[in-house]
Amino acid sequence: MATMRITVLFFSFAADRMNARERAYELEAPLTVGGFFDQSLAGPLGEPLAAWLFSVNQEWVSPDYLLQEGDEMAVVPPVSGG
Amino acid sequence: MATMRITVLFFSFAADRMNARERAYELEAPLTVGGFFDQSLAGPLGEPLAAWLFSVNQEWVSPDYLLQEGDEMAVVPPVSGG
Amino acid sequence: MDLYQITDQPIDTVEILQGQGEPGAGAQVLFLGTVRNEFEGRASRGLYYDVYPQMAEAQLRKIGEELKREFGVLQVALVHRIGDLPVGAVSVAVCVTGGHRDETFAAARAGIDRVKQTVPIWKKEHWDDGTSAWHDDAGSST
Amino acid sequence: MDLYQITDQPIDTVEILQGQGEPGAGAQVLFLGTVRNEFEGRASRGLYYDVYPQMAEAQLRKIGEELKREFGVLQVALVHRIGDLPVGAVSVAVCVTGGHRDETFAAARAGIDRVKQTVPIWKKEHWDDGTSAWHDDAGSST
């Protein structure tokens with residue numbers, strides 16, 4: 001199995017719960033955003049997949065996106081600008 | 001019959017047609033705005049009563065308003081500000 | 001601070017915006033009407049605005065009080081410039097400050113509509129071909 | 001000139017207004033969102049805004065291009081301030097220049113709605129009692 005390194009950004013209360021705004025992960029490919037969420041993020045974030053949006057390399061992606069070496073993923077809580 | 005003096009203001013194309021922005025009139029009371037219009041203004045203004053609004057002393061009046069000594073009347077074309 | 005003004009000077013939008021501030025405010029909408037370079041497809045050099053000053057200022061104030069009462073907004077400024085205005089000049093400013101954007105947008109929109117419909121101000125178009133004509137003058141030959 | 005910006009500095013509304021000018025323009029609508037002294041009845045001292053900067057600026061640009069295409073308006077500026085903001089500070093500015101007021105009001109209103117719904121920005125309320133909480137945080141205990 002291939003190993004890939006990704007960076008994950010956290011914002012707002014996701015950052016609070018992760019105690020980090022950015023973390024590096026080393027993962028075994030193939031792995032989707034949803035699979036990675038279940039495996040590594042669901043616990044500390046404390047809310048189910050449906051509570052979040054995800055982006056990779058600054059584009060919105062669905063949970064079935066296949067993560068790639070070097071991806072910058074973000075965990076995006078419901079937005080509240082204005 | 002009593003005589004009364006009123007001032008009449010004209011704006012926009014009403015002023016153009018009257019060749020004046022303000023005129024003084026000496027009239028025989030009793031006389032309504034509508035009566036005065038028919039008698040003195042309909043000709044030079046060239047359009048019927050319904051084409052104009054009227055104010056007296058800076059309040060809108062209907063054509064049956066009875067003119068009083070010292071009134072400041074205005075002949076107001078359809079407005080087009082903005 | 002509410003502001004209701006007819007002026008022959010350029011409209012100072014900075015002053016209008018800065019004059020509005022309320023601790024409960026969450027939204028401010030400023031509408032500026034500017035002189036266009038055409039009207040109904042015909043090229044124009046600018047506009048001349050005639051006004052019945054006392055009635056116009058009184059009507060601006062009446063509209064502002066209506067907006068505050070009907071929409072529950074906090075502050076209103078209504079300013080109209082008169083005289084000769086070139087293309088691009090600001091002829092009218094409506095500024096409304098409110099608690100939230102819904103009522104603030106609605107009041108600003110109603111404000112400019114009522115200014116255009118009810119304030120005794122009249123505009124004459126200076127057409128690019130050198131002629132001039134009042135708007136809404138049914139008897140005009142141009 | 002179109003302008004799409006995330007900034008940690010005070011929003012310069014004068015610069016935004018002056019940057020917009022088109023010969024065919026007849027209307028300009030500026031919406032300013034300001035930090036309120038309460039939220040849902042609870043007293044507040046101000047807000048902290050978090051942002052995903054690159055995505056947020058890209059999204060502002062996307063919204064501006066949508067507004068010009070959908071409403072036929074001529075120019076758009078969308079600016080959002082981030083960081084700690086006191087009550088009364090301008091957090092967001094939407095400025096739209098168009099031919100007439102109908103499409104200009106509609107585009108400005110759609111602009112602020114889409115900024116609030118789709119730009120990755122998050123606000124944390126600094127309550128007057130000294131606690132703080134992110135908006136829309138279902139897991140928050142405050």
Side-chain angles (χ1 to χ4, degrees), chain A residues 5-25 33-34 36-82, chain D residues 5-7 11 31-36 39-40 47-63 78-83 85 89-94 109-125 132-142:
Chain A
R5 296 177 60 90
I6 68 165
T7 304
V8 185
L9 307 179
F10 303 97
F11 297 98
S12 175
F13 49 88
D16 290 356
R17 294 189 197 167
M18 297 302 293
N19 230 338
R21 290 183 68 78
E22 180 175 336
R23 282 205 185 160
Y25 290 84
V33 162
F36 169 58
F37 180 90
D38 290 342
Q39 168 187 309
S40 305
L41 304 178
L45 286 175
E47 276 168 85
L49 187 75
W52 313 93
L53 289 173
F54 304 97
S55 70
V56 171
N57 302 330
Q58 300 168 28
E59 300 284 345
W60 300 110
V61 296
S62 70
D64 59 7
Y65 172 88
L66 265 176
L67 289 163
Q68 308 288 324
E69 168 68 26
D71 275 350
E72 176 190 278
M73 175 178 153
V75 175
V76 177
V79 304
S80 56
Chain D
Q5 194 177 37
I6 300 293
T7 178
I11 294 179
F31 172 84
L32 301 176
T34 51
V35 178
R36 306 184 68 217
F39 180 74
E40 294 178 352
L47 292 169
Y48 172 78
Y49 287 91
D50 191 12
V51 64
Y52 187 177
Q54 302 90 334
M55 275 200 84
E57 285 205 354
Q59 184 62 21
L60 292 179
R61 179 174 304 277
K62 181 163 169 281
I63 294 170
L78 301 171
V79 180
H80 205 302
R81 186 175 171 192
I82 50 108
L85 273 67
V90 174
S91 57
V92 60
V94 172
R109 177 58 203 255
I112 182 60
D113 289 351
R114 293 180 197 184
V115 167
K116 290 172 81 86
Q117 288 157 7
T118 69
V119 177
I121 292 177
W122 303 271
K123 63 185 164 211
K124 180 193 268 184
E125 199 85 37
S132 292
W134 293 101
H135 278 229
D136 299 314
D137 180 359
S140 169
S141 60
T142 52

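Every chain is numbered from 1, with letters handed out A, B, ... down the list of sequences.
In this structure, A:Q68 contributes its side chain and A:L66 its backbone to a donor-acceptor pair below 3.5 Å.
Within 6.0 Å of CZ on A:R5 lie no more than 12 heavy atoms contributed by other residues, nucleotides or ligands.
For D:Y52, the parts lying under 4.5 angstrom from a heavy atom of chain A are both the backbone and the side chain. Contact of A:L53 with chain D is not made at all, since no heavy-atom distance falls under 4.5 Å. Proximity to chain A is limited to the backbone of D:T118, based on heavy atoms less than 4.5 angstrom apart. Only the backbone of D:V51 comes within contact range of chain A, judged by heavy atoms closer than 4.5 Å.
For the set D:K123, D:H135, D:K124, the count of heavy-atom pairs under 4.5 angstrom toward chain A peaks at D:K123.
Two residues are said to be in side-chain contact when any heavy atoms from C-beta on lie closer than 4.5 Å; A:F11 and D:P120 fail this criterion. At least one side-chain heavy atom of A:M18 sits under 4.5 Å from a side-chain heavy atom of A:P44.
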Does the side chain to side chain contact (heavy atoms under 4.5 Å, CB included) test come out yes or no for A:D71 and A:N57, once each step is laid out? CA-CA 6 Å; A:D71 275 350; A:N57 302 330; 3.1 Å; yes
